[in-house]
Number of protein chains: 2
Amino acid sequence: MSSSILVIDDEQDIRVLIKYNLEKEGFVVSEAANGEKGLEMAVQQVPDLILLDVMMPGMDGIETCEKLNAIPGLKHTMICFLTARGEDYSQIAGFEAGADDYITKPIKPKLLVSRISAILRRKGAAGTDVNNDSTDNKEKSITIDRERYLISKEGNEMFLPRKEFELLALLMSKPSKVFHRDVIMNSVWGADVVVGDRTIDVHIRKLREKIGDTHIVTVKGVGYKFEE
Amino acid sequence: MSSSILVIDDEQDIRVLIKYNLEKEGFVVSEAANGEKGLEMAVQQVPDLILLDVMMPGMDGIETCEKLNAIPGLKHTMICFLTARGEDYSQIAGFEAGADDYITKPIKPKLLVSRISAILRRKGAAGTDVNNDSTDNKEKSITIDRERYLISKEGNEMFLPRKEFELLALLMSKPSKVFHRDVIMNSVWGADVVVGDRTIDVHIRKLREKIGDTHIVTVKGVGYKFEE
DNA sequence: ATTAATAGATAACGTTAAGTTAACACGAAT
DNA sequence: ATTCGTGTTAACTTAACGTTATCTATTAAT
């Protein structure tokens, strides 16, 4: 369950600092000294999160980020920039390039860990919508766009409240797979939250109301699944 | 897609050095040995970026820069000074004359390339004032001009206080993307600053007051996004 | 067929996140 | 010293959202 993190930075000191602090917290950390190597490792490892220095000789962070985003397999990898304080324009360019967050140097270990946890938490809610690239293409009547927080049903986009969105995202993360009620509970609500039995049902109903009854199938005594 | 760069410097060594290094990176580079020639070529070629030596016999860099800025066709050309380290006055005078950035000599090739990439990125990014000139695009009702620190709403320019400006700039850096509250917090306020929950809201409200309610969309429990 | 278990439906309810407003604090400019 | 612009806080309101309660329908087991 420990998340994997790839650090791409030309300065060895920084890499070591980050690695040390994150491994102490139980993350699996790998490192690359430049953009090219980073891309290569990212493709191989498919980490959960990439920490990416903006200012690097050769291929800089922005460029690397754009390349990373172009790789389908890394669709669900979060990218977080490391920027020197003051380079504010890079914040802007960074988000344009497709970053999810950024952390400013100098890096404070405590802060680093809490930021990273926050980012991974955000990702976690995303579920892993591992759309198996194989046999993909058939017209999907429903798609989810986490970045814009919209779903699209037969072309028309619509907004869903958070719980409904996360619930749908989870079910759609692996179509046809049955998600047990307690898995849904843990995934969408969290392990510590305690809510009643009917809560899931109600959200399922609201979802069916919006996307149609055909997609979400009840497997009695087990859970729910999403069908195209 | 490769950017064109004009180098104006009286020293041939420098011109050659720069040209060599930039062409290696795929830029299209032309050169001029003095201000007059530089102006002429700038008008002809309309490069994306002009590298301009400050200390030149005859018409110096500052003067050349002012002339360049007076030419309407070069409105979207970035100007970057080349200054010897220590001539700090040039930083001041340079920006006054309308420069966008400067690079100090002696020039380190690696740094040169990354600075130039950054400048050109800024041109692409911040200068959303890509308006008209070219029979172009869909009416953007709002644009931001970081250099002059102004936004423009349906033609009329207005000033925004810093926090509001940065907030809007962030949201507009990727329209339709939902920015989480903590990302906004970090981006506009900084990771270490601690302010109350309602601070973001208040600034959002002030923005909506000024640019209209239609643009900034709340995604409850998630964050905010900008829509055209 | 009867019962028990499980899910569907609906509306009421409570909670939480965001909106709103005014007041306050601070620094820069006058 | 005073004013003004800016940013933050506090206190309250509003509305969206999520949860619960209750009842009904369906399915599975005996």
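Every chain is numbered from 1 and lettered A, B, ... according to where its sequence line falls, protein lines coming before strand lines. Every value quoted in this text rests on a predicted model; they were computed, and no experiment measured them.
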Under 3.5 Å, which donor-acceptor pairs do the side chains of residues 211-223 of chain A form with other protein atoms, sequence neighbours left out?
residue: A:H215; atom: ND1; partner: A:E227; partner atom: O; Å: 2.9
residue: A:T218; atom: OG1; partner: A:R208; partner atom: NH2; Å: 3.2

By salt bridge (charged side-chain N to carboxylate O under 4.0 Å, His left out), A:D145 pairs with (sequence neighbours left out) A:R148
Sorted by chain and residue number, the ring-ring contact (aromatic ring centres under 6.0 Å, His included) partners of A:F179 (sequence neighbours excluded) come out as none
Who pairs with B:K210 by salt bridge (charged side-chain N to carboxylate O under 4.0 Å, His left out), at least two apart in sequence or on another chain?
-> B:E164
Between A:E164 and B:E164, which is nearer to the 5' end of DNA chain D once each is assigned its nearest nucleotide?
-> B:E164
Under the ring-ring contact (aromatic ring centres under 6.0 Å, His included) rule, what pairs show up with a residue in residues 155-176 of chain B, not counting sequence neighbours?
-> B:Y149-B:F165
Atom-to-atom span, CG of B:L207 to P of D:dG7 - whole angstrom = 11 Å
When the distance from CG of A:D197 to P of D:dA21 is rounded to whole Å, what number comes out?
-> 11 Å
Could you give the CD1-to-C1' distance, from A:I216 to C:dA7, as a whole number of Å?
-> 14 Å
Does the side chain of B:W189 get closer than 4.0 angstrom to OP1 or OP2 of D:dT8 through an N or O atom?
-> yes
Could you check B:F159 against B:V194 and say which one's nearest nucleotide on DNA chain D is further toward the 5' end?
-> B:F159
According to a strict under-4.0 Å criterion, is A:T199 in side-chain N/O contact with OP1 or OP2 of D:dT20?
-> yes
Under 4.0 Å between a side-chain N or O of A:H203 and OP1 or OP2 of D:dT19?
-> yes
Can you spot which of B:D53, B:L52, B:I8 makes a side-chain contact (heavy atoms from CB on, under 4.5 Å) with B:L82?
-> B:D53
Protein-nucleotide distance (B:I200, atom CD1; D:dT9, atom C1'), rounded to Å | 14 Å
Could you encode protein contacts along nucleotides 11-28 of chain C as a string, one character per nucleotide from 5' to 3', using B for base contact, S for sugar-phosphate-only contact and - for no contact, with a heavy-atom cut-off of under 4.0 Å?
-> ------BBBBB-------
Atom pair distance, as rounded to whole Å: CG in B:L167 and P in D:dT6 = 15 Å
